[in-house]
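Atoms within a ligand are numbered from 1 in the order they appear, just like the ligands themselves. These values consider heavy atoms only, across backbone and side chains, with no hydrogens, waters or symmetry-generated copies.
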Amino acid sequence: MQNIFDNNINNMDILEFYKNKKVLITGHTGFKGAWLSEILLLAKADVVGYALSPEDPSLFQINGLDKRMKSYFADIRDYDSLRQVFIQEQPEIVFHMAAQPLVKDGYLEPKMTYETNINGTLNVLECMRSTSSVKSFLNITTDKVYKSSQMPHEESDMLDGFDPYSNSKSCSELITQTYARCYFKDSKCAISTARSGNVIGGGDFNKYRLLSDCMRAVIDDKEMVLHNPDYIRPYYHVLDALKGYMTIAMMQYIDHTFTGSYNLGPTNTNAISNQEIITLFKNKLEKDYNYSFSYIIQNDSSTIEDTQLLLNTNKIQDLLHWHPTLSIEDAIGEVATWTYLYKNQMDTKSHIQDMIHKVFHDE
Ligand SMILES: NC(=O)c1ccc[n+]([C@@H]2O[C@H](COP(=O)([O-])OP(=O)(O)OC[C@H]3O[C@@H](n4cnc5c(N)ncnc54)[C@H](O)[C@@H]3O)[C@@H](O)[C@H]2O)c1
């Protein structure tokens, strides 16, 4: 591995770092978890997952990850079960992504959302406190942890997410920071949090997400309903987000001074409106696959969300030299391609593995 402090961490170094390391992903059956599992398998890491059983359909199932990695299917709120896994597996690196991740479901089920996102984090931290194996822990939260105020948000902004989901993630952040300073300050374990903008990529079957709605409309041959065309969200590709997470976990493992909180998201030129996103998706399908995609616009006032979310990502760019590598056009194009392949029962797994090669092997 080359000198990591020479401002030039290359992608191969990241994969090389994870080789043979025991990595635990909580939430590996979800959208991001499945992509992260694929990358870590490519890196030849010893990867283990802990999450609820996969939904049907899910990327986890479509890619056959159940047969290619070790999984524990259990609830993150079940401390005893999680603790057994830590004792059994002795992970060195932990990515915590198991969560109720949707704003709308947070409004519908606030108690479940708080319990999953707060107690889940608490249980992971308690397991780490009683197991000495973990050297690097990354808690994946969201750009919604900040109190609404002037944007773009910086890491030092006040944490107080507006709605139950966002607020539960603010709490998760605060708990992590408290454990870091009270229990892990002088320990071998480095702890950070990653506050990510909206991530897109093939195989995301979650509800209420713009490109997931587009994907479902294509699969079902239906018209897509676009809510809130003027909302601007910091969208970027899941591979860029995961490369950022892997970089933080690696760098703090090597040098504890890199611990902290990091915003991750697109450069501001990539933060575009819902309407523009749909247009790029539609154009890709029509141009490359001769598939006609149509949508209608309906405004939705059922939840209260900021119309615009912008993030300042200077910290991770300056300290860790991370920045998104895929343009918003390429990121949306990847989702359109995955959708087309899936609809036509073609090989989506190879497409994902090719994308990982492209992002992690190209300099
Ligand atoms: N996708 C995004 O745009 C985005 C943006 C910012 C932050 N995040 C965060 O990233 C993480 C992953 O998001 P995602 O989009 O992959 O979500 P997802 O819904 O696809 O996956 C969630 C995962 O958490 C697991 N999980 C949920 N409740 C659980 C429980 N009680 N016990 C055990 N496991 C449980 C699920 O089984 C699944 O594996 C979440 O923490 C989310 O808040 C996502």
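- Between R216 and D213 a salt bridge is recorded (basic side-chain N to carboxylate O distance below 4.0 Å).
- Annotation: atom 5 (C) of ligand 1 to nearest protein heavy atom, G197 O, 3.4 Å.
- Considering each of G30, G203, P101, G201, the one bringing a non-hydrogen atom nearest atom 17 (O) of ligand 1 is P101.
- Note: Y179 and Y183 have tilted aromatic rings, judged against thresholds of 30 and 60 degrees for the angle between ring planes.
- Summary of contacts: the protein heavy atom closest to atom 7 (C) of ligand 1 is T141 O, 2.9 Å.
- No salt bridge links K284 with E329; every basic N to acidic carboxylate O contact stays at or beyond 4.0 Å.
- Ligand 1 places these atoms under 4.0 Å from at least one heavy atom of S196: 6 (C).
- Listed by atom number, the atoms of ligand 1 under 4.0 Å from N198 heavy atoms are 3 (O).
- For atom 32 (N) of ligand 1, the closest non-hydrogen atom on the protein side is I76 N, 2.7 Å.
- Geometrically, K104 engages Y208 in a cation-pi contact defined by less than 6.0 Å to the ring centre and at most 45° from the axis.
- Residue contacts with ligand 1, taken as heavy atom pairs separated by less than 4.0 Å, involve Y165 solely via side-chain atoms from C-beta onward.
- Contacts between S53 and ligand 1, counted as non-hydrogen atom pairs separated by less than 4.0 Å, are absent for every part of the residue.
- At the shortest separation from atom 34 (N) of ligand 1 among protein heavy atoms lies L52 N, 3.3 Å.
- Of the listed residues (M112, Q100, K32, K207), the one carrying the non-hydrogen atom nearest atom 16 (O) of ligand 1 is K32.
- Residue contact check: T29 has heavy atoms under 4.0 Å from atoms 36 (C), 37 (O), 38 (C), 39 (O) of ligand 1.
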- Task: Using the side-chain hydrogen bond (donor to acceptor under 3.5 Å, both in side chains) rule, take N139 and T176 through it: C-alpha gap first, then chi angles, then the decisive distance, then the call.
- Result: CA-CA 8 Å; N139 182 12; T176 306; 3.0 Å; yes
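- A salt bridge does not link E155 with K315: none of the charged nitrogens is closer than 4.0 Å to a carboxylate oxygen.
- Between K111 and E115, at least one side-chain N (NZ, or NE/NH1/NH2) sits under 4.0 Å from a carboxylate O, which counts as a salt bridge.
- By the 3.5 Å distance cut-off applied to N or O atoms, F31 is counted among the residues near ligand 1.
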